[in-house]
Each structure stands twice: as C-alpha cells, then as structure tokens.
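Below: the structure, in structure tokens.
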Amino acid sequence: MSDRYAVVGNPIAHSWSPVIHAAFARTTREDIAYAHLLAAVDGFAGTVLRFRDEGGRGLNVTLPFKLDAFALATEHSARARAAGAANLLAFDDGRIFADNTDGAGLVRDIETRLALPLQQCSVLLLGAGGAACGVIHPLLAAGVASLVIANRSAARARELAARIGDARVRGGGFELASHAIAAGERFDVVINATSIGLAGERLPLPDALFAQARLALDMFYAATPTPFMVQAASAGCAVVSDGLGMLVEQAAESFLIWRGVRPDTACVFAALRAELSARGR
Ligand code: NDP
C-alpha cells in the first residue's frame, strides 16, 4: 500500500498540495498517496492523531493550525522553533516531528527561480503574522544585509524584531518604510506577507519604494495580479512575482524531508501557473 500523507486545514478543499505532491511522486517514482484532510477548528489534535494511528506518515499543515501543529509535536526543527509554528509533521514510531518549510520555500523561489541572490540584499517584509514569522530566520540565514519588518500593528512588528534579537532587524508601522525611503534608504526586495491580498486592497506604500526595488513578491497568489503586484509593476519594479513559486518550493522541501529526494519543481510550477491563468480568463 502507498505511504499516506495529507494536508490538514480548515477550510482545505481549495488546497493545491495534493496535486503538487502527486506530480512530485510521479516524477520521483515515490509510492505515496496524498489527500485533503479537514479538521474541525477545535479538533486538530484528534484529527492528526487518528490519521497517524491509521498509518499516516506525514502532514502538511495550513490555516488555522500552524501553531497547534507546533504545540502537538514532540520534536522540532530549529527553523520551526524560530518561527514558533509548523507547516509540516512527520510521524515516526511515537514521535511527532515538526518543521517549517515556508521560509526555505520562499528563499529557494527567490534565489533559484527568480535568480536573485539574497546575500547582502536589503529586505522589507510587510506583515508580522504567521507567514512573516516563518520566513524571517531563513532570510537572515540567506545573508541579507538588513531586514525591516513593517506591519499595520506597529507594536507587533517591533516586538517581533526585538524577539529576533539580530542587529540587522528592525520593526515598526508601514510609515517605517516610507520614512526610510524619504531618508534615501533603498530596499532591494519587498515581500508582502500580509493577508491584504484576500481583500483585494492596497497597502499604504509610496511608489518610490517599488521604483528602486529589484524584486517585489506577494506571498498571496490569485488568477490575476494582486493590487500589491499591480502597484509594484506600474511603479517600475524590475521583477514582480506572486507566491505560487513559494507554494511549490515549500512543498518540494516537505517532500524532501519525508522521502529523502528533492523533486524537480519547474514543470509543476508551469502547470499550476497555466491552470491559475486559465481561471483568470
Ligand atoms: P496571519 O493572519 O497570520 O497574518 C496576517 C497579516 O496581515 C498580519 O500582519 C496583519 O496585520 C496583516 N493584515 C491583515 N489585514 C490587513 C490589512 N487590511 N491591511 C494591512 N495589513 C493587514 O496570516 P498569514 O501570515 O498566515 O498569511 C499572510 C499571507 O501569506 C496570506 O495571504 C497567505 O495566503 C500567504 N501565504 C502564502 C504562502 C505561500 O506558500 N505562498 C504560505 C503562507 C502564507 P496585523 O498584525 O496588524 O493584524
């Protein structure tokens, strides 16, 4: 029988993870079955333990359970500990191992697919929620020169920056970015890790921020470019991207952890991009 994996969340039917992992399994000839797993909002632990007890080997975890996954695990990777959240669980005898592959996925997408080395880059990270927390340490490990965290709730970004305790990091409200630009600072990379894309709204950011940037990346993805991407492109940003590549790369990192083989992502990315574009027509 195939080794069983799933993505657990609520809601979950929209997730592309089963399609992505099925494609990885085909190309690597790994014998896995990967499904959607819906958990009640107050029933995460029970759903996970039942899946494991029925022979499940591992889970990806999405909203709203990344903190619950971290809490349920008996062992944590350094990057899961740094994020305080997990998007991957692996089961081995009685042990539950937690990891966070979101940041590795983002860094790989930027450095490999978008061909932009992060070493010595100045980065502006918009947002201080779960997704932002997951990518901070991988960005620092990639050697960025500076990392500004700007968030709607300024105090949340300041606290996060203080908790990181790295001299390259500072945090505050969105005006931190505007003031930095007005003072002549420039950001090579601007990453939108807020969930404003869901609302189709625009962040209060000056066009000059994007005119000087080498990359603007929205973690959100949709059939059509997000307002963040539209602003960045019209302001003259060199490269603009959504979060589809990050999604595929974090999945590849999960597959590597579970199966010990890194799948090729280019074909899967191209197929999903075509599917997403078709939905927008
Ligand atoms: P959270 O709910 O944990 O955090 C939401 C963040 O967005 C907070 O910083 C919040 O600010 C900010 N925010 C929400 N609404 C607004 C608004 N109207 N104006 C300004 N800021 C706002 O969500 P996540 O961190 O889990 O997810 C963030 C985004 O990242 C989502 O779009 C998600 O789809 C995407 N994502 C993509 C992944 C991928 O693989 N491509 C992986 C994971 C996430 P405040 O603190 O002030 O409330």
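Order of appearance sets the numbers: ligands from 1, and atoms from 1 within every ligand.
Among residue pairs with one or both ends in residues 80-92, those qualifying as salt bridge (charged side-chain N to carboxylate O under 4.0 Å, His left out) are D92-R95; sequence neighbours excluded.
The nearest protein heavy atom to atom 2 (O) of ligand 1 is not closer than 4.0 Å. Not a single protein heavy atom sits closer than 4.0 Å to atom 33 (C) of ligand 1. Shown here, atom 45 (P) of ligand 1 is in close reach of the protein: a heavy atom of it lies under 4.0 Å off.
Closest to atom 17 (C) of ligand 1 by heavy atom, among Q250, R152, M246, M219, is R152. Remark: among candidates T101, N151, I149, the nearest residue to atom 11 (O) of ligand 1 is N151, based on non-hydrogen atoms. Atom 43 (C) of ligand 1 has its nearest heavy-atom neighbour, among E201, R202, K66, in K66. Here the shortest heavy-atom distance to atom 19 (N) of ligand 1, taken over L160, V135, I196, belongs to I196. Of the candidates D102, D242, T194, the one placing a heavy atom closest to atom 6 (C) of ligand 1 is T194.
Regarding atom 20 (C) of ligand 1, its nearest protein heavy-atom neighbour is L203 CD2, 3.7 Å. Counting only heavy atoms of the protein, atom 4 (O) of ligand 1 lies nearest to G129 CA, 3.5 Å. Among protein heavy atoms, the minimum distance from atom 14 (C) of ligand 1 is reached at S195 OG, 3.3 Å.
Remark: ligand 1 and G130 share an N or O pair separated by less than 3.5 Å (distance only, no angle test). The N/O atoms of F174, backbone and side chain alike, include none that comes under 3.5 Å of an N/O atom in ligand 1. Checked by distance only, ligand 1 and A131 come closer than 3.5 Å through their nitrogen or oxygen atoms.
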- Would F220 and S195 satisfy side-chain contact (heavy atoms from CB on, under 4.5 Å), going step by step from the backbone distance to the final call? CA-CA 7 Å; F220 189 67; S195 50; over 6 Å; no

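A heavy-atom separation below 4.0 Å is not found between G197 and ligand 1.
Ring-centre distance between F210 and F187: not below the 6.0 Å cut-off. For H21 and Y5, the distance between ring centers is not under 6.0 angstrom.
Classification of the Y34-W258 ring pair by plane angle, with boundaries at 30° and 60°, yields tilted.
Of the N and O atoms on the side chains of S241 and R113, at least one donor lies less than 3.5 Å from an acceptor on the other residue.
Checked options L160, L176, L126; the residue passing with I149 is L160 (criterion: side chain to side chain contact (heavy atoms under 4.5 Å, CB included)).
E275 approaches W16 most closely through the heavy-atom pair CG-CZ2, 3.9 Å. Residues T101 and R79 approach most closely at CG2-NH2, 4.0 Å, considering heavy atoms. Nearest heavy atom pair, residue E249 against residue T265, reads OE2-OG1, 2.8 Å.
Contacts between L244 and ligand 1 below 4.0 angstrom, taking non-hydrogen atoms only, are absent altogether. The parts of L247 lying near ligand 1 are both backbone and side chain, judged by heavy-atom distances below 4.0 Å. In R156, the part holding a heavy atom less than 4.0 Å from any atom of ligand 1 is the side chain. Using a 4.0 Å cut-off between heavy atoms, A193 contacts ligand 1 through its backbone alone, with no side-chain atom that close.
Alongside V48, the hydrophobic cluster contains V8, L37, F44, L49, F51, L59, V61, F65, L72, L89, F91, I96 (criterion: ILVMFWY side chains under 4.5 Å).
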